[in-house]
Amino acid sequence: MRRAAAVPEVVVAGAGPAGLAAALALARHGCPVRVLDARPLPPPGALPPAEGRTTALLLPTLELLERLGVWAALEPTAEPLRALRLVSLAEPGDPAAPPRPEADVTFAASEIGLERLAS
């Protein structure tokens with residue numbers, strides 16, 4: 001007797017932005033999904049607890065969230081990221097001296113014709 005092939009359950013490790021987006025996309029394609037995280041997940045429809053952290057969602061991620069139909073709910077609390085500054089600190093020769101900038105570069109969305117780099 002031959003059994004029908006079952007759709008395997010997908011386990012997504014981490015309920016951060018990437019994990020939740022992946023879980024939602026897979027579920028919308030008919031995959032049974034289980035999300036695991038170190039902290040308990042909030043009830044369906046509830047917002048996660050505030051962490052005091054900021055997450056920059058780059059434009060391809062925003063496009064994915066739009067296709068998944070969730071960006072409209074997130075957008076009112078988002079701010080455009082118009083510039084991104086990267087600083088690399090050199091190790092001080094003297095352990096008592098503060099680190100000094102080794103590299104300091106700012107990328108501006110306007111330099112490449114964009115309104116924003118991320119939100």
Side-chain angles (χ1 to χ4, degrees):
M1 185 176 196
R2 190 169 173 202
R3 292 176 43 193
V7 176
E9 181 176 66
V10 176
V11 175
V12 175
L20 292 177
L24 180 58
L26 289 164
R28 295 234 173 119
H29 279 82
C31 294
V33 179
R34 182 177 307 260
V35 178
L36 302 177
D37 196 74
R39 294 170 294 165
L41 298 176
L47 293 174
E51 296 180 340
R53 293 191 290 174
T54 300
T55 301
L57 302 173
L58 299 178
L59 297 180
T61 302
L62 299 181
E63 292 166 4
L64 170 64
L65 295 176
E66 285 175 357
R67 287 194 308 273
L68 292 172
V70 298
W71 178 241
L74 301 172
E75 189 173 18
T77 61
E79 292 291 330
L81 179 67
R82 293 189 175 94
L84 178 64
R85 181 178 178 205
L86 301 177
V87 178
S88 173
L89 298 178
E91 291 293 324
D94 174 2
R100 59 179 169 71
E102 184 175 63
D104 188 339
V105 180
T106 300
F107 298 96
S110 61
E111 292 175 337
I112 55 173
L114 296 175
E115 176 192 325
R116 64 185 179 188
L117 297 168
S119 281

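Just so it is clear, the values below take in all heavy atoms, side chains as well, and ignore hydrogens, waters and symmetry mates. Numbering starts at 1 and runs along the sequence shown.
If you take CD on E75 and OG on S119, they are separated by 7.0 Å, rounding to the nearest 0.5 Å. In this structure, the separation between CZ on R34 and CD on E9 is 4.5 Å, given to the nearest 0.5 Å. Rounding to the nearest 0.5 Å gives a distance of 9.0 Å between CG of L117 and CD of E111. Note that CG of L81 and CD of E115 are 11.5 Å apart. Values are rounded to the nearest 0.5 Å. To the nearest 0.5 Å, the span separating OG1 on T55 from CG on L57 amounts to 6.5 Å.
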Working for side-chain contact (heavy atoms from CB on, under 4.5 Å), residues V105 and R85: CA-CA 6 Å; V105 180; R85 181 178 178 205; over 6 Å; no
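Using a 4.5 Å heavy-atom threshold, the side chains of T106 and L84 count as separate. Under the 4.5 Å side-chain criterion, counting only non-hydrogen atoms from C-beta, V33 is in contact with V12.
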Contacts table for residues 58-74: side-chain donor-acceptor under 3.5 angstrom, sequence neighbours left out:
none

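Pairing each heavy atom of G14 with each of V35, the nearest pair is O-CG1, 4.1 Å.
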